[in-house]
Amino acid sequence: MKCLLGGLCVCWSLILGLPFPLMKSSSNIMHHEMSPHHPQHSIPGFPDRCDGLGFDAITPDEQGVIFYFRDEFLWKGFNGSAEFINNTWPLLPTHIDAALRIHHKHATGHHDRMLFFKGNQVWQYYGTTFEGKFLIHEKFPGIPDDLEAAVECPVGECAQDSILFFKGDMVYHLNLNTTTVKARSWQGLGHCGAALRWLERVYCFDGTKFTRFQPSTGHIPSGYPKDARDYFMRCEGRGHASWNKTSAKSIHNRCSNESFEEFNEDQIGRMYAFRKNWYFRLDTKRDGWHPWPIHSSWPSIHGNIDGVFSWDKKMYFIQGSQLFIYKAEAQYTLIIGYPKDVTIELGIPSTGVDATFICPGTSLLYVIFGNQVQSVNLEQTPRALGNGTRMGHPHVDGAICNSNGVHLFIGTKYYRYDSPNDLVAWKSIPDARSISLDFMSCAPGG
Ligand SMILES: *[C@@H]1O[C@H](CO)[C@@H](O)[C@H](O)[C@H]1NC(C)=O
Ligand SMILES: *[C@@H]1O[C@H](CO)[C@@H](O)[C@H](O)[C@H]1NC(C)=O
Ligand SMILES: *[C@@H]1O[C@H](CO)[C@@H](O)[C@H](O)[C@H]1NC(C)=O
Ligand SMILES: *[C@@H]1O[C@H](CO)[C@@H](O)[C@H](O)[C@H]1NC(C)=O
Ligand SMILES: *[C@@H]1O[C@H](CO)[C@@H](O)[C@H](O)[C@H]1NC(C)=O
Ligand SMILES: *[C@@H]1O[C@H](CO)[C@@H](O)[C@H](O)[C@H]1NC(C)=O
């Protein structure tokens with residue numbers, strides 16, 4: 001694979017675990033559709049987004065395509081050239097202050113709407129359908145006019161579905177459930193001229209510099225700000241050019257034939273696939289795909305995991321003889337005192353765990369060792385592992401139980417059983433299905 005400019009910048013952004021929104025939907029991140037040979041095509045008289053002047057606003061639409069706005073122009077997605085805003089949204093003014101996609105599943109008239117702010121007004125669209133123009137103080141009491149940036153913050157990342165508005169040094173946090181507004185000032189975040197939530201991460205842009213921040217606390221991880229031209233767009237001569245390792249590529253390419261160590265879904269519907277030191281989030285696929293280092297969401301975990309399951313609003317990871325337990329709130333927080341010994345905690349051996357799963361609403365944890373399935377009731381003390389039953393598979397990589405049944409993951413395939421009973425009382429093996437097609441939204445054959 002020839003890897004020039006943009007191509008290499010992709011590779012590099014992956015190894016750093018940094019944002020790169022061009023891995024859209026079904027595109028296979030390492031493949032030719034991200035042709036590195038065509039950075040930005042500029043139409044004469046239209047601006048080039050690599051010029052370093054930054055953006056007025058950045059937002060995804062309801063399909064996950066990201067729009068970058070500056071003056072009367074917009075750029076669609078990662079690689080398009082500038083167009084007039086009014087080609088897409090004829091009623092919008094030029095030079096908008098802020099834009100966002102709203103996330104509020106409980107209010108179907110608001111969910112997935114795009115809002116554009118200018119002066120004291122807000123325009124509401126569903127896709128490109130205009131739904132109304134309002135005064136900001138009427139639609140969002142407590143939110144000031146002349147905003148600089150705005151971004152959605154759904155439940156899971158904020159305590160309840162929320163919107164963050166930025167003006168000057170202030171951040172206005174609007175809780176959509178309660179409609180209460182809290183104004184704060186976050187030292188260190190600096191000026192936010194545009195804000196974007198991409199996958200589960202939130203970024204503030206000031207010119208072309210961007211900073212990731214934690215939307216409920218304002219905490220900024222180390223290493224920021226960075227330059228958006230290296231990560232959020234492909235610009236000639238930018239990006240990094242030193243990463244070229246085939247093995248890492250197949251780990252980061254969700255459609256490769258590399259196996260996954262585990263899958264898990266937590267109580268608020270966040271679904272993950274784990275592979276080596278990395279994870280993919282599956283329930284945000286509309287906005288694209290990106291491999292993130294496991295420790296970026298679950299601090300203290302490094303390297304392959306053996307088992308993972310969610311129970312009682314917590315997420316449990318088994319790694320060798322160690323058990324890590326995280327509180328599953330907006331952020332995952334390691335419970336003090338962990339990791340602890342998995343045998344003492346769960347009554348299961350400290351070696352040989354291949355996969356674990358627990359069905360929603362139950363307390364029976366299933367542990368798979370080789371071809372044996374055993375279970376332990378997490379509500380009993382002391383916890384003790386029951387007798388093993390032989391399944392129809394000599395070995396599995398990972399397992400998950402959700403409302404669709406039990407899924408066992410082996411290499412590039414998975415096998416579905418209706419229930420744990422069906423798994424242990426098997427008469428025949430169900431048909432193998434493709435993980436990349438059914439879980440990772442990959443193209444057939446890719
Ligand atoms: C942008 O990339 C998509 C595929 O990733 C391609 O279909 C499209 O033609 C590209 N557009 C430009 C302007 O290069
Ligand atoms: C769209 O906006 C541009 C720039 O402001 C303007 O020149 C053009 O006339 C507008 N087109 C329409 C159809 O309003
Ligand atoms: C938000 O409100 C809806 C109903 O209006 C409710 O179903 C939901 O549980 C609330 N969310 C939270 C996190 O409280
Ligand atoms: C990347 O690695 C491949 C195989 O290891 C090699 O053939 C290729 O020349 C390398 N490309 C660059 C730009 O170093
Ligand atoms: C994975 O795919 C590569 C080519 O994409 C192939 O060379 C390799 O043999 C495959 N590995 C397995 C285990 O199927
Ligand atoms: C496990 O096996 C032992 C010996 O075969 C038997 O005595 C015991 O009842 C079994 N326990 C369960 C829970 O089936």
(request) Find out whether His173 and Cys158 are in side-chain contact, i.e. whether some heavy atom of one side chain is under 4.5 Å from a heavy atom of the other. (result)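 A side-chain contact exists here, since the closest heavy-atom pair is under 4.5 Å.
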(request) Taking the side chain as every heavy atom from C-beta outward, state whether Asn304 and Lys276 have any atom pair closer than 4.5 Å. (result)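 Touching, per the 4.5 Å side-chain cut-off.
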Keeping the roles fixed (side chain from [X], backbone from [Y]), state whether a donor-acceptor pair exists under 3.5 Å.
X	Y	answer
Glu262	Ala399	yes
Tyr68	Met233	no
Ser185	Met170	no
His95	Asp71	no
Trp186	His219	no
Asp206	Gly193	no
Trp198	Asp287	yes
Asp161	Pro154	no
Tyr316	Gly307	no
Arg275	Asn253	yes

Verify whether one side chain among [X] and [Y] offers a donor that lies under 3.5 Å from an acceptor in the other.
X	Y	answer
Ser310	Asn264	yes
Gln160	Ser162	no
Asn377	Ser363	yes
Arg201	Ser296	yes
Tyr338	Glu345	yes

Over 60° means perpendicular and under 30° means parallel, so tell me whether [X] and [Y] are parallel, tilted or perpendicular.
X	Y	result
Phe117	Phe165	perpendicular
His407	Tyr414	tilted
Phe116	Phe69	perpendicular

(request) Flag yes if more than 12 heavy atoms outside Lys139 fall under 6.0 Å of its NZ atom; otherwise flag no. (result)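 It does: Lys139 NZ has more than 12 such atoms within range.
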(request) Flag the pair Glu200 and Arg270 as a salt bridge only when some basic side-chain nitrogen lies within less than 4.0 angstrom of an acidic carboxylate oxygen. (result)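 Looking at Glu200 and Arg270, the cut-off is not met.
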(message) Check this for me, if you would: do Arg113 and Glu131 make a salt bridge, where the nitrogen-to-carboxylate-oxygen distance has to be below 4.0 angstrom?
(response) yes
(request) Assess the pair Phe409 and Phe263: is the distance between their ring centroids shorter than 6.0 Å? (result)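 Yes; Phe263 has its ring centre under 6.0 Å from that of Phe409.
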(message) Ring centroids only, cut at 6.0 angstrom: are Phe140 and Tyr172 within range, meaning strictly under it?
(response) no
What are the two closest non-hydrogen atoms of [X] and [Y], and how far apart are they?
X	Y	value
His290	Leu199	CB-CD1, 3.5 Å
Asp112	Glu62	O-CB, 3.6 Å
Ser403	Pro360	N-CG, 4.4 Å

(message) Going by the rule side-chain hydrogen bond (donor to acceptor under 3.5 Å, both in side chains), which residues pair with Asn120 if we only count those two or more places apart in sequence or in a different chain?
(response)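 Checked Asn120 against side-chain hydrogen bond (donor to acceptor under 3.5 Å, both in side chains); zero matches.
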(message) I need the single residue from Tyr279, Trp298, Tyr326 that forms a ring-ring contact (aromatic ring centres under 6.0 Å, His included) with Tyr332. Which is it?
(response)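 Passing option: Trp298.
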What distance separates [X] [atom1] from [Y] [atom2], expressed to the nearest 0.5 Å?
X	Y	atom1	atom2	value
Thr284	Arg197	OG1	CZ	7.5 Å
Ile96	Asp56	CD1	CG	7.0 Å
Ile136	Leu147	CD1	CG	5.0 Å

(message) As a test of understanding, state which of Thr88, Leu115, Leu91 forms a side-chain contact (heavy atoms from CB on, under 4.5 Å) with Tyr125.
(response) Leu91
